[in-house]
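Written out below as C-alpha coordinates is the structure these notes cover.
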Protein chains: 2
Amino acid sequence: MAHAKVEHDVVIDKLMEVFRSSGYDGSSMATLAEATQLKKASLYHRFPRGKEEMAHAVLSYVADWTQNRIVDVLFSTNTPKERLEVAFKAIDELYDGGRLDCILRALSHGSEANVFQQEIAAIFQLWIDAFTHLALDFGHNQTESDRLAKLVITKIQGTLILARALQQPSLFQEALDELKTSFIS
Amino acid sequence: MAHAKVEHDVVIDKLMEVFRSSGYDGSSMATLAEATQLKKASLYHRFPRGKEEMAHAVLSYVADWTQNRIVDVLFSTNTPKERLEVAFKAIDELYDGGRLDCILRALSHGSEANVFQQEIAAIFQLWIDAFTHLALDFGHNQTESDRLAKLVITKIQGTLILARALQQPSLFQEALDELKTSFIS
DNA sequence: GTCTATAGCTAGATAGAC
DNA sequence: GTCTATCTAGCTATAGAC
(Lines give C-alpha, C1' and ligand atoms only; values in the text may rest on other atoms or scores of the structure.)
Protein backbone atom coordinates (compact mmCIF):
# COMPACT_ATOMS: atom_id res chain seq x y z
CA MET A 1 0.00 0.00 0.00
CA ALA A 2 2.31 2.71 -1.21
CA HIS A 3 -0.34 5.39 -1.07
CA ALA A 4 -2.19 4.30 2.03
CA LYS A 5 -3.66 7.14 4.03
CA VAL A 6 -1.45 8.11 6.90
CA GLU A 7 -3.43 8.53 10.11
CA HIS A 8 -3.97 12.10 11.21
CA ASP A 9 -2.66 11.43 14.74
CA VAL A 10 0.52 9.92 13.35
CA VAL A 11 1.06 12.94 11.11
CA ILE A 12 0.59 15.35 14.02
CA ASP A 13 2.98 13.32 16.12
CA LYS A 14 5.68 13.39 13.47
CA LEU A 15 5.19 17.10 12.84
CA MET A 16 5.59 17.73 16.56
CA GLU A 17 8.75 15.66 16.62
CA VAL A 18 10.32 17.82 13.92
CA PHE A 19 9.14 21.15 15.33
CA ARG A 20 10.30 20.37 18.84
CA SER A 21 13.80 19.42 17.76
CA SER A 22 14.40 21.95 14.97
CA GLY A 23 12.15 24.86 15.94
CA TYR A 24 9.66 26.54 13.64
CA ASP A 25 11.99 28.18 11.13
CA GLY A 26 14.37 25.24 11.25
CA SER A 27 11.61 22.91 10.10
CA SER A 28 11.24 22.99 6.33
CA MET A 29 8.41 21.54 4.27
CA ALA A 30 10.95 19.04 2.97
CA THR A 31 11.87 17.71 6.41
CA LEU A 32 8.24 17.78 7.56
CA ALA A 33 7.25 15.81 4.47
CA GLU A 34 10.03 13.30 4.99
CA ALA A 35 9.13 12.80 8.65
CA THR A 36 5.44 12.23 7.92
CA GLN A 37 6.16 10.07 4.88
CA LEU A 38 3.95 12.32 2.81
CA LYS A 39 4.89 14.44 -0.17
CA LYS A 40 4.82 18.19 0.21
CA ALA A 41 1.68 18.54 -1.90
CA SER A 42 -0.10 16.04 0.35
CA LEU A 43 0.79 18.06 3.40
CA TYR A 44 -0.68 21.14 1.71
CA HIS A 45 -3.82 19.15 1.00
CA ARG A 46 -4.23 18.50 4.73
CA PHE A 47 -2.96 21.89 5.87
CA PRO A 48 -3.87 24.40 3.14
CA ARG A 49 -2.23 27.33 4.94
CA GLY A 50 1.05 25.45 5.10
CA LYS A 51 3.58 25.34 7.86
CA GLU A 52 1.82 27.81 10.11
CA GLU A 53 -1.34 25.72 10.06
CA MET A 54 0.71 22.63 10.88
CA ALA A 55 2.19 24.34 13.92
CA HIS A 56 -1.27 25.45 15.02
CA ALA A 57 -2.50 21.86 14.61
CA VAL A 58 0.36 20.64 16.77
CA LEU A 59 -0.43 23.25 19.43
CA SER A 60 -4.06 22.22 19.31
CA TYR A 61 -2.97 18.63 19.90
CA VAL A 62 -0.82 19.75 22.84
CA ALA A 63 -3.80 21.60 24.32
CA ASP A 64 -5.88 18.42 24.02
CA TRP A 65 -3.10 16.36 25.56
CA THR A 66 -2.90 18.80 28.47
CA GLN A 67 -6.65 18.65 28.98
CA ASN A 68 -6.70 14.84 28.97
CA ARG A 69 -3.50 13.96 30.75
CA ILE A 70 -3.20 16.86 33.20
CA VAL A 71 -6.42 18.82 33.71
CA ASP A 72 -8.88 15.90 33.70
CA VAL A 73 -6.56 13.85 35.87
CA LEU A 74 -6.03 16.56 38.47
CA PHE A 75 -9.75 17.38 38.63
CA SER A 76 -10.76 13.72 39.00
CA THR A 77 -12.16 12.14 42.16
CA ASN A 78 -9.12 10.09 43.09
CA THR A 79 -7.06 11.02 46.12
CA PRO A 80 -4.72 14.00 45.66
CA LYS A 81 -1.72 11.67 45.99
CA GLU A 82 -3.02 9.38 43.23
CA ARG A 83 -3.78 12.29 40.91
CA LEU A 84 -0.31 13.73 41.51
CA GLU A 85 1.35 10.45 40.61
CA VAL A 86 -0.64 9.92 37.42
CA ALA A 87 -0.05 13.45 36.18
CA PHE A 88 3.69 13.30 36.84
CA LYS A 89 3.92 9.94 35.10
CA ALA A 90 2.42 11.61 32.03
CA ILE A 91 4.86 14.52 32.27
CA ASP A 92 7.78 12.15 32.48
CA GLU A 93 6.58 10.42 29.31
CA LEU A 94 5.95 13.72 27.54
CA TYR A 95 9.60 14.74 27.87
CA ASP A 96 10.98 11.19 27.69
CA GLY A 97 12.59 11.54 31.08
CA GLY A 98 14.29 14.83 30.26
CA ARG A 99 15.64 13.86 26.86
CA LEU A 100 13.08 15.72 24.74
CA ASP A 101 12.65 19.45 24.46
CA CYS A 102 9.39 21.29 25.11
CA ILE A 103 7.39 21.96 21.97
CA LEU A 104 5.99 25.18 23.44
CA ARG A 105 9.48 26.63 23.70
CA ALA A 106 10.48 25.34 20.29
CA LEU A 107 7.59 27.30 18.79
CA SER A 108 8.15 30.49 20.73
CA HIS A 109 11.05 31.73 18.61
CA GLY A 110 10.47 32.79 15.05
CA SER A 111 11.24 35.23 12.30
CA GLU A 112 7.61 36.28 12.10
CA ALA A 113 6.27 38.00 15.20
CA ASN A 114 4.95 35.55 17.78
CA VAL A 115 1.84 34.17 16.05
CA PHE A 116 1.71 31.34 18.57
CA GLN A 117 2.12 33.39 21.73
CA GLN A 118 -1.54 33.41 22.78
CA GLU A 119 -2.03 29.71 22.13
CA ILE A 120 1.08 28.90 24.17
CA ALA A 121 0.02 31.16 27.03
CA ALA A 122 -3.39 29.47 27.11
CA ILE A 123 -1.78 26.05 27.45
CA PHE A 124 0.45 27.19 30.30
CA GLN A 125 -2.65 28.59 31.97
CA LEU A 126 -4.33 25.17 31.75
CA TRP A 127 -1.38 23.69 33.64
CA ILE A 128 -1.47 26.45 36.26
CA ASP A 129 -5.19 26.12 36.92
CA ALA A 130 -5.00 22.34 37.20
CA PHE A 131 -2.06 22.28 39.59
CA THR A 132 -3.53 25.09 41.67
CA HIS A 133 -6.65 22.96 42.11
CA LEU A 134 -4.54 19.98 43.16
CA ALA A 135 -2.57 22.01 45.68
CA LEU A 136 -5.77 23.31 47.25
CA ASP A 137 -6.97 19.72 47.59
CA PHE A 138 -3.70 18.91 49.32
CA GLY A 139 -4.66 21.48 51.94
CA HIS A 140 -2.44 24.37 50.86
CA ASN A 141 -3.92 27.87 51.00
CA GLN A 142 -4.66 29.92 47.87
CA THR A 143 -1.39 31.87 47.83
CA GLU A 144 0.73 28.78 48.37
CA SER A 145 -1.28 26.83 45.78
CA ASP A 146 -0.70 29.51 43.16
CA ARG A 147 3.00 29.47 43.98
CA LEU A 148 3.22 25.67 43.73
CA ALA A 149 1.41 25.61 40.38
CA LYS A 150 3.81 28.11 38.86
CA LEU A 151 6.70 26.22 40.44
CA VAL A 152 5.67 23.09 38.55
CA ILE A 153 6.03 24.89 35.24
CA THR A 154 9.14 26.90 35.97
CA LYS A 155 10.98 23.99 37.55
CA ILE A 156 10.11 21.65 34.69
CA GLN A 157 11.08 24.18 32.04
CA GLY A 158 14.22 25.33 33.82
CA THR A 159 15.54 21.87 34.57
CA LEU A 160 14.72 20.66 31.06
CA ILE A 161 16.98 23.38 29.71
CA LEU A 162 19.86 22.55 32.03
CA ALA A 163 19.39 18.79 31.72
CA ARG A 164 19.55 19.01 27.94
CA ALA A 165 22.37 21.55 27.84
CA LEU A 166 24.56 19.46 30.15
CA GLN A 167 23.20 16.20 28.72
CA GLN A 168 22.22 14.99 32.17
CA PRO A 169 18.62 13.79 31.99
CA SER A 170 18.84 12.75 35.64
CA LEU A 171 18.52 16.43 36.61
CA PHE A 172 15.02 16.34 35.20
CA GLN A 173 14.07 13.19 37.08
CA GLU A 174 15.28 14.68 40.36
CA ALA A 175 13.28 17.84 39.71
CA LEU A 176 10.09 15.85 39.20
CA ASP A 177 10.67 14.06 42.49
CA GLU A 178 11.31 17.32 44.31
CA LEU A 179 8.15 18.81 42.85
CA LYS A 180 6.05 15.91 44.04
CA THR A 181 7.49 16.34 47.52
CA SER A 182 6.59 20.06 47.47
CA PHE A 183 2.92 19.22 47.19
CA ILE A 184 2.88 16.55 49.86
CA SER A 185 4.86 18.25 52.58
CA MET B 1 30.11 59.19 7.08
CA ALA B 2 28.04 56.75 5.11
CA HIS B 3 30.69 54.04 5.12
CA ALA B 4 32.13 54.54 8.57
CA LYS B 5 33.39 51.41 10.23
CA VAL B 6 30.86 50.00 12.61
CA GLU B 7 32.44 49.03 15.93
CA HIS B 8 32.87 45.31 16.50
CA ASP B 9 31.11 45.40 19.87
CA VAL B 10 28.12 47.15 18.38
CA VAL B 11 27.89 44.57 15.60
CA ILE B 12 28.01 41.70 18.10
CA ASP B 13 25.36 43.36 20.20
CA LYS B 14 23.01 43.78 17.26
CA LEU B 15 23.61 40.21 16.06
CA MET B 16 22.76 38.97 19.54
CA GLU B 17 19.60 41.03 19.56
CA VAL B 18 18.40 39.39 16.35
CA PHE B 19 19.43 35.84 17.30
CA ARG B 20 17.83 36.03 20.72
CA SER B 21 14.48 37.18 19.40
CA SER B 22 14.28 35.19 16.16
CA GLY B 23 16.41 32.12 16.88
CA TYR B 24 19.19 30.84 14.65
CA ASP B 25 17.22 29.70 11.63
CA GLY B 26 14.80 32.59 11.97
CA SER B 27 17.64 35.06 11.61
CA SER B 28 18.47 35.62 7.96
CA MET B 29 21.53 37.33 6.53
CA ALA B 30 19.17 40.06 5.37
CA THR B 31 17.80 40.80 8.83
CA LEU B 32 21.26 40.49 10.41
CA ALA B 33 22.61 42.95 7.85
CA GLU B 34 19.78 45.36 8.43
CA ALA B 35 20.21 45.21 12.21
CA THR B 36 23.95 45.86 12.05
CA GLN B 37 23.58 48.53 9.36
CA LEU B 38 26.05 46.63 7.21
CA LYS B 39 25.49 45.04 3.82
CA LYS B 40 25.58 41.26 3.57
CA ALA B 41 28.97 41.27 1.84
CA SER B 42 30.42 43.34 4.68
CA LEU B 43 29.18 40.84 7.22
CA TYR B 44 30.88 38.08 5.23
CA HIS B 45 34.08 40.12 5.26
CA ARG B 46 33.99 40.13 9.07
CA PHE B 47 32.63 36.60 9.46
CA PRO B 48 33.91 34.58 6.48
CA ARG B 49 32.09 31.41 7.51
CA GLY B 50 28.81 33.26 7.57
CA LYS B 51 25.92 32.94 9.98
CA GLU B 52 27.41 30.10 11.97
CA GLU B 53 30.54 32.13 12.69
CA MET B 54 28.38 35.06 13.75
CA ALA B 55 26.52 32.88 16.24
CA HIS B 56 29.84 31.55 17.56
CA ALA B 57 31.06 35.13 17.94
CA VAL B 58 27.94 36.00 19.90
CA LEU B 59 28.42 32.96 22.15
CA SER B 60 32.04 33.96 22.68
CA TYR B 61 30.83 37.40 23.74
CA VAL B 62 28.34 35.81 26.13
CA ALA B 63 31.13 33.70 27.64
CA ASP B 64 33.20 36.86 28.16
CA TRP B 65 30.23 38.64 29.68
CA THR B 66 29.68 35.74 32.06
CA GLN B 67 33.34 35.75 33.04
CA ASN B 68 33.36 39.50 33.72
CA ARG B 69 29.95 40.09 35.21
CA ILE B 70 29.39 36.80 37.05
CA VAL B 71 32.53 34.75 37.61
CA ASP B 72 34.94 37.59 38.42
CA VAL B 73 32.34 39.25 40.60
CA LEU B 74 31.53 36.13 42.60
CA PHE B 75 35.20 35.25 43.08
CA SER B 76 36.09 38.77 44.21
CA THR B 77 37.08 39.74 47.74
CA ASN B 78 33.94 41.63 48.63
CA THR B 79 31.52 40.23 51.17
CA PRO B 80 29.29 37.39 49.91
CA LYS B 81 26.25 39.65 50.26
CA GLU B 82 27.86 42.39 48.13
CA ARG B 83 28.93 39.91 45.46
CA LEU B 84 25.44 38.44 45.35
CA GLU B 85 23.85 41.85 44.85
CA VAL B 86 26.23 42.92 42.09
CA ALA B 87 25.84 39.65 40.16
CA PHE B 88 22.04 39.74 40.37
CA LYS B 89 22.00 43.35 39.24
CA ALA B 90 23.89 42.22 36.13
CA ILE B 91 21.47 39.35 35.55
CA ASP B 92 18.51 41.68 35.82
CA GLU B 93 20.09 43.94 33.17
CA LEU B 94 20.96 40.99 30.93
CA TYR B 95 17.32 39.98 30.62
CA ASP B 96 15.93 43.50 30.90
CA GLY B 97 13.90 42.59 33.95
CA GLY B 98 12.36 39.52 32.33
CA ARG B 99 11.44 41.11 29.02
CA LEU B 100 14.26 39.60 26.95
CA ASP B 101 14.77 35.99 26.07
CA CYS B 102 17.94 34.02 26.81
CA ILE B 103 20.34 33.88 23.87
CA LEU B 104 21.58 30.44 24.92
CA ARG B 105 18.10 29.01 24.48
CA ALA B 106 17.51 30.88 21.26
CA LEU B 107 20.58 29.19 19.81
CA SER B 108 19.82 25.71 21.06
CA HIS B 109 17.24 24.89 18.41
CA GLY B 110 18.27 24.45 14.81
CA SER B 111 17.88 22.51 11.62
CA GLU B 112 21.52 21.46 11.70
CA ALA B 113 22.49 19.24 14.61
CA ASN B 114 23.45 21.22 17.69
CA VAL B 115 26.74 22.83 16.64
CA PHE B 116 26.49 25.18 19.63
CA GLN B 117 25.71 22.59 22.28
CA GLN B 118 29.21 22.35 23.76
CA GLU B 119 29.73 26.11 23.85
CA ILE B 120 26.39 26.58 25.58
CA ALA B 121 27.12 23.84 28.11
CA ALA B 122 30.47 25.46 28.91
CA ILE B 123 28.79 28.79 29.64
CA PHE B 124 26.23 27.19 31.94
CA GLN B 125 29.11 25.49 33.71
CA LEU B 126 30.76 28.88 34.32
CA TRP B 127 27.59 30.02 36.05
CA ILE B 128 27.39 26.85 38.13
CA ASP B 129 31.00 27.01 39.30
CA ALA B 130 30.73 30.68 40.22
CA PHE B 131 27.51 30.36 42.18
CA THR B 132 28.73 27.20 43.90
CA HIS B 133 31.74 29.18 45.10
CA LEU B 134 29.49 31.95 46.39
CA ALA B 135 27.23 29.53 48.23
CA LEU B 136 30.23 27.93 49.94
CA ASP B 137 31.34 31.39 51.06
CA PHE B 138 27.87 31.93 52.50
CA GLY B 139 28.52 28.92 54.70
CA HIS B 140 26.50 26.29 52.87
CA ASN B 141 27.99 22.81 52.57
CA GLN B 142 29.13 21.37 49.23
CA THR B 143 25.92 19.47 48.42
CA GLU B 144 23.72 22.43 49.25
CA SER B 145 26.00 24.78 47.32
CA ASP B 146 25.78 22.62 44.20
CA ARG B 147 22.03 22.56 44.57
CA LEU B 148 21.80 26.33 44.95
CA ALA B 149 24.01 26.97 41.94
CA LYS B 150 21.84 24.80 39.71
CA LEU B 151 18.76 26.41 41.23
CA VAL B 152 19.98 29.82 40.06
CA ILE B 153 20.05 28.64 36.46
CA THR B 154 16.89 26.56 36.44
CA LYS B 155 14.85 29.18 38.27
CA ILE B 156 16.03 31.98 35.98
CA GLN B 157 15.43 29.96 32.84
CA GLY B 158 12.10 28.55 33.97
CA THR B 159 10.66 31.84 35.15
CA LEU B 160 11.90 33.64 32.04
CA ILE B 161 9.88 31.22 29.95
CA LEU B 162 6.72 31.65 31.99
CA ALA B 163 7.17 35.42 32.43
CA ARG B 164 7.50 35.88 28.68
CA ALA B 165 4.75 33.41 27.77
CA LEU B 166 2.25 35.08 30.11
CA GLN B 167 3.74 38.53 29.47
CA GLN B 168 4.24 39.09 33.19
CA PRO B 169 7.85 40.27 33.67
CA SER B 170 7.15 40.65 37.40
CA LEU B 171 7.38 36.86 37.73
CA PHE B 172 11.03 37.15 36.80
CA GLN B 173 11.71 39.91 39.32
CA GLU B 174 10.10 37.86 42.10
CA ALA B 175 12.22 34.86 41.16
CA LEU B 176 15.42 36.88 41.42
CA ASP B 177 14.41 38.06 44.88
CA GLU B 178 13.59 34.53 46.00
CA LEU B 179 16.93 33.29 44.71
CA LYS B 180 18.83 35.92 46.66
CA THR B 181 16.97 34.89 49.79
CA SER B 182 17.91 31.24 49.20
CA PHE B 183 21.58 32.07 49.54
CA ILE B 184 21.25 34.22 52.63
CA SER B 185 18.98 32.05 54.73
C1' DG C 1 -5.94 11.76 -0.92
C1' DT C 2 -1.84 11.03 -3.03
C1' DC C 3 1.46 12.00 -6.36
C1' DT C 4 5.04 14.48 -10.04
C1' DA C 5 6.46 18.61 -11.74
C1' DT C 6 7.37 23.22 -11.48
C1' DA C 7 6.61 28.13 -10.62
C1' DG C 8 8.37 32.06 -8.07
C1' DC C 9 10.90 33.60 -4.50
C1' DT C 10 14.37 34.15 -0.82
C1' DA C 11 18.10 32.04 1.36
C1' DG C 12 23.24 31.84 1.99
C1' DA C 13 27.28 32.93 -0.29
C1' DT C 14 30.73 35.12 -3.73
C1' DA C 15 33.06 38.35 -7.30
C1' DG C 16 34.99 42.35 -7.99
C1' DA C 17 34.75 47.68 -8.03
C1' DC C 18 35.90 51.51 -4.99
C1' DG D 1 36.29 47.62 4.87
C1' DT D 2 32.50 48.76 2.39
C1' DC D 3 29.64 48.42 -1.44
C1' DT D 4 26.54 46.64 -5.85
C1' DA D 5 25.47 42.88 -8.46
C1' DT D 6 24.83 38.19 -9.03
C1' DC D 7 24.98 33.00 -8.55
C1' DT D 8 22.98 28.71 -7.06
C1' DA D 9 20.42 26.04 -3.91
C1' DG D 10 16.65 25.48 -1.15
C1' DC D 11 12.44 27.39 0.26
C1' DT D 12 7.12 27.87 0.20
C1' DA D 13 3.44 27.12 -2.53
C1' DT D 14 0.56 25.62 -6.62
C1' DA D 15 -1.17 23.05 -10.89
C1' DG D 16 -2.99 19.22 -12.47
C1' DA D 17 -2.74 13.92 -13.33
C1' DC D 18 -4.26 9.63 -11.16
Side-chain angles (χ1 to χ4, degrees), chain A residues 1-59 61 106-107 109-116, chain B residues 1-59 61 106-107 109-116:
Chain A
M1 308 219 293
H3 294 186
K5 175 173 175 176
V6 181
E7 290 295 335
H8 180 72
D9 287 2
V10 175
V11 170
I12 295 292
D13 191 63
K14 294 296 179 184
L15 293 177
M16 182 164 76
E17 204 174 299
V18 176
F19 280 134
R20 93 193 306 187
S21 68
S22 300
Y24 183 73
D25 291 297
S27 304
S28 70
M29 290 300 300
T31 58
L32 292 166
E34 191 184 17
T36 54
Q37 292 178 298
L38 287 171
K39 299 298 173 183
K40 286 190 285 181
S42 301
L43 275 178
Y44 275 104
H45 176 77
R46 293 178 182 226
F47 307 97
R49 289 182 299 113
K51 203 162 77 163
E52 188 172 318
E53 188 171 349
M54 293 179 216
H56 279 299
V58 167
L59 285 173
Y61 169 82
L107 290 177
H109 284 285
S111 49
E112 308 158 44
N114 250 321
V115 281
F116 309 118
Chain B
M1 306 217 293
H3 293 188
K5 176 172 176 176
V6 181
E7 290 296 335
H8 181 72
D9 287 1
V10 175
V11 170
I12 295 291
D13 191 63
K14 294 295 180 186
L15 294 178
M16 182 163 77
E17 203 173 300
V18 176
F19 280 133
R20 95 195 302 189
S21 68
S22 300
Y24 183 73
D25 291 297
S27 304
S28 69
M29 290 301 300
T31 57
L32 292 166
E34 192 183 16
T36 55
Q37 291 180 296
L38 287 171
K39 298 298 173 182
K40 285 193 284 180
S42 300
L43 275 178
Y44 275 102
H45 176 78
R46 293 178 182 227
F47 307 97
R49 288 181 300 113
K51 202 163 77 165
E52 189 174 316
E53 187 172 349
M54 294 180 214
H56 279 299
V58 167
L59 285 173
Y61 168 83
L107 290 177
H109 284 287
S111 49
E112 308 157 46
N114 248 322
V115 282
F116 309 118

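Because the structure is predicted, anything quoted here is derived from the model rather than measured. Hydrogens, waters and symmetry mates play no part in the numbers below; they use all other heavy atoms, side chains included. In what follows, chains are A, B, ... by sequence order, proteins preceding strands, each numbered from 1.
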- Task: Quantify the bending of the helix from C/dG1-D/dC18 to C/dC18-D/dG1 as the angle between its end axes, each fitted on five pairs, to 10°.
- Result: 0°
- Mapping B/Gln37 and A/Thr31 to their closest nucleotides on DNA chain D, which lands nearer the 5' end? B/Gln37
- Query: Quick one: is D/dG1 close enough that its OP1 or OP2 comes under 4.0 Å of any side-chain N or O from B/Ser42?
  - Reply: no
- Kindly give the heavy-atom pair with the smallest separation between B/Phe19 and B/Leu32, and that separation in Å. CZ-CD1, 4.1 Å
- Message: Counting only heavy atoms and a strict 4.0 angstrom limit, can you tell me which residues of residues 43-54 of chain B come near DNA chain D?
- Response: B/His45, B/Arg46
Using atom names, set out every protein N or O paired with an N or O of nucleotides 16-18 of chain D below 3.5 Å, distance rounded to 0.1 Å.
none

- Check each residue of residues 13-29 of chain A for a non-hydrogen atom within less than 4.0 Å of any atom in DNA chain D, then write out the ones that pass by number, or none. A/Ser27, A/Ser28, A/Met29
- For residues 16-26 of chain A, pull every pair meeting side-chain hydrogen bond (donor to acceptor under 3.5 Å, both in side chains), keeping only residues two or more places apart or in separate chains. A/Asp25-A/Ser111
- Message: Going by side-chain hydrogen bond (donor to acceptor under 3.5 Å, both in side chains), name the pairs with one or both residues in residues 44-57 of chain A, residues two or more places apart or in two chains.
- Response: A/His56-A/Glu119
- Query: Taking all atoms of both residues into account, what is the closest heavy-atom pair of B/Lys39 and B/Ala33, and its distance?
  - Reply: C-CB, 4.1 Å
- Task: Would you indicate whether A/Phe47, at its atom CZ, is surrounded by more than 12 heavy atoms from other residues, nucleotides or ligands within a distance under 6.0 Å?
- Result: yes
- Query: Do you know which two heavy atoms are closest between A/Val11 and A/Val6, and how far apart they sit?
  - Reply: CG2-CG1, 3.7 Å
- Item | Whether B/Thr31 side chain and B/Ser27 backbone form a donor-acceptor pair below 3.5 Å | no
